[in-house]
Amino acid sequence: MSLLTVSGLGKSFGGVRAVDGIDFALAKGELLALIGPNGAGKSTTFNMVNGQLRADAGSIRLEGQELVGLRPREIWRRGVGRTFQIAETFASLTVAENVQMALLSQDGRLFSMLRRAADHRRDDALALLDQVGMKAQADRPCSVLAYGDVKRVELAIAMANDPKLLLMDEPTAGMAPRERNDLMALTKQLVIDRGMAVLFTEHSMDVVFAYADRMIVLARGRLIAEGRPLEIRDHPRVQEVYFGTGKTFEKKRAAAPAAATAPQEVA
């Protein structure tokens with residue numbers, strides 16, 4: 001049985017059909033990349049799964065339970081975590097306190113004044129930070145961290161509710177090549193260790209091809225291809241949508257100078 005099942009999903013804005021009847025499924029222990037050119041409907045799809053947008057049509061089921069119509073917080077409480085394209089942390093709080101704030105929210109005590117974040121489940125916060133390689137920096141303020149480390153803290157925050165499904169919106173945006181590879185390798189290990197699933201959007205094709213177990217490709221709101229990375233790389237419709245007839249992902253990589261140090265981006 002799939003962890004996440006999306007069927008007949010649709011969303012319109014005025015007269016524009018942003019997402020048009022797409023279907024896909026995601027299993028436990030799987031990283032699924034959602035890609036497509038600008039305007040393909042990726043963000044709309046992503047935000048419907050998260051509850052930030054309500055679908056006009058179709059179904060989104062997590063372990064058989066319908067998510068359409070639920071608010072983001074309700075979806076979060078059902079075991080769906082999320083990271084954002086621009087990392088969101090409290091810069092004035094320590095690394096540990098950021099995670100403790102998420103644990104307070106998980107426990108339904110975010111707005112309680114009875115206990116400070118620094119006193120709440122510190123051992124649990126440190127355990128989460130240990131999983132993302134940030135335990136040694138637990139007492140440093142987030143404001144002094146390198147951006148790659150901030151993204152790791154955000155990942156620990158996203159895991160505070162022990163998610164079954166983690167949504168990652170362009171997780172490597174703004175990161176140097178080594179940082180982004182380290183982050184995705186860590187994510188892949190967490191998927192293995194925790195048995196959770198990850199749905200992520202990403203513009204860097206080297207990240208997608210290196211770490212995704214499967215890929216789904218959207219164009220103009222419709223799903224045009226689904227499969228493993230090698231299948232998608234050679235898919236003629238995908239090649240046409242991204243590059244036009246006669247070009248390939250491999251040719252694009254070969255033509256790019258300093259491929260070892262510069263990210264491969266597909267807008």
Side-chain angles (χ1 to χ4, degrees), residues 30-38 40 42-43 45-47 50 81-96 98-99 102 128-138 140-160 163 165-194 196-217 229 232-233 242 249 252-253 255-267:
E30 185 178 35
L31 275 82
L32 178 63
L34 173 61
I35 68 169
N38 287 340
K42 303 184 302 296
S43 295
T45 299
F46 202 76
N47 288 328
N50 186 57
R82 178 167 182 175
T83 67
F84 294 84
Q85 182 176 348
I86 300 174
E88 297 190 354
T89 60
F90 295 98
S92 62
L93 298 182
T94 67
V95 169
N98 268 272
V99 180
L128 288 168
L129 289 170
D130 190 41
Q131 291 182 50
V132 301
M134 289 297 294
K135 184 177 179 180
Q137 302 193 59
R140 299 185 71 197
C142 276
S143 59
V144 304
L145 298 181
Y147 188 64
D149 288 339
V150 173
K151 297 287 274 189
R152 286 174 176 263
V153 175
E154 186 192 34
L155 184 55
I157 291 169
M159 294 192 302
L165 171 65
L166 179 61
L167 306 176
M168 303 182 78
D169 186 6
E170 296 194 27
T172 69
M175 300 179 74
R178 181 172 179 177
E179 287 179 326
R180 62 184 183 170
N181 284 322
D182 287 347
L183 181 70
M184 292 308 296
L186 170 62
T187 301
K188 188 128 187 171
Q189 190 59 52
L190 288 171
V191 167
I192 294 170
D193 293 345
R194 287 173 162 257
M196 65 181 183
V198 172
L199 175 66
F200 70 103
T201 63
E202 184 58 64
H203 279 78
S204 298
M205 289 297 101
D206 58 339
V207 168
V208 172
F209 282 106
Y211 295 101
D213 296 310
R214 285 191 304 117
M215 302 161 64
I216 52 177
V217 188
I232 297 300
R233 184 195 65 188
Y242 266 109
F249 285 106
K252 179 175 175 66
R253 284 203 187 96
T261 57
Q264 302 291 328
E265 301 289 346
V266 176

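None of the values given here were measured: they were computed from a predicted structure.
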(message) Within the structure provided, determine whether Pro171 and Thr187 are in side-chain contact (heavy-atom separation under 4.5 Å).
(response) no
(request) Begin from the C-alpha positions of Arg152 and Leu145 and carry the test side chain to side chain contact (heavy atoms under 4.5 Å, CB included) through to its verdict. (result) CA-CA 10 Å; Arg152 286 174 176 263; Leu145 298 181; over 6 Å; no
(request) Using side-chain contact (heavy atoms from CB on, under 4.5 Å) as the criterion, list what pairs up with Asp169, not counting sequence neighbours. (result) Phe46, Arg82, Gln85, Thr201
(request) With sequence neighbours excluded, tell me which residues meet salt bridge (Lys or Arg N to Asp or Glu O under 4.0 Å) with Lys135. (result) none
(message) What I'd like to find out is whether the side chain of Arg178 reaches to under 4.5 Å of the side chain of Asn181, using heavy atoms alone.
(response) no
(message) To check you understand the geometry: which heavy-atom pair defines the closest contact between Arg180 and Val207, and what is its length?
(response) CD-CG2, 4.0 Å
(request) Evaluate the side-chain proximity of Leu190 to Leu155: yes if any heavy-atom separation is below 4.5 Å, no if none is. (result) yes
(request) State, to 0.1 Å, how close Phe84 and Lys151 come at their nearest heavy-atom pair, and which atoms those are. (result) O-NZ, 3.3 Å
(message) Consider side-chain contact (heavy atoms from CB on, under 4.5 Å). Of Thr89, Thr94, Leu93, which one does Cys142 pass it with?
(response) Thr89
(message) Among residues at least two apart in sequence or on other chains, which ones pass side-chain contact (heavy atoms from CB on, under 4.5 Å) with Ala212?
(response) Ala33, Phe200, Val208, Met215
(message) Run the side-chain contact (heavy atoms from CB on, under 4.5 Å) test against Glu179 and tell me which residues pass, sequence neighbours left out.
(response) Met175, Ala176
(request) To the nearest 0.5 Å, tell me how far Met184 CE sits from Glu202 CD. (result) 7.0 Å
(request) Please list, chain by chain and in numerical order, all residues satisfying salt bridge (Lys or Arg N to Asp or Glu O under 4.0 Å) with Asp182, sequence neighbours excluded. (result) none
(request) Just jot down the side-chain contact (heavy atoms from CB on, under 4.5 Å) partners of Ala40, sequence neighbours excluded, or say none. (result) Pro37, Lys42, Leu218
(message) Just so I know, are the side chains of Val132 and Val153 near enough to count as touching, which here means a heavy-atom distance under 4.5 Å?
(response) no
(request) Could you tell me the separation between the CG atom of Leu128 and the CE atom of Met159, rounded to the nearest 0.5 Å? (result) 5.5 Å
(request) Measure the spacing between OG1 of Thr45 and CG of Leu199 and express it to the nearest 0.5 Å. (result) 9.0 Å
(message) Can you give me the closest heavy-atom contact between Leu166 and Met196, atom names plus distance?
(response) CD2-CE, 4.0 Å
(request) Quick one: pull up CG in Leu34 and CE in Met168 and give me the separation to the nearest 0.5 Å. (result) 14.0 Å
(message) Tell me the closest heavy-atom pair linking Ala156 and Leu129, and the distance in Å.
(response) CB-CD2, 4.0 Å
(message) On a heavy-atom basis, which atom in Ala160 and which in Ala102 lie closest, and how many Å separate them?
(response) CB-CB, 3.6 Å
(message) Return the CG to CG distance between Leu31 and Asp213, rounded to the nearest 0.5 Å.
(response) 5.5 Å
(request) Could you tell me which non-hydrogen atom of Gln137 sits nearest to which non-hydrogen atom of Asp149, and how far apart they are? (result) NE2-OD2, 3.4 Å
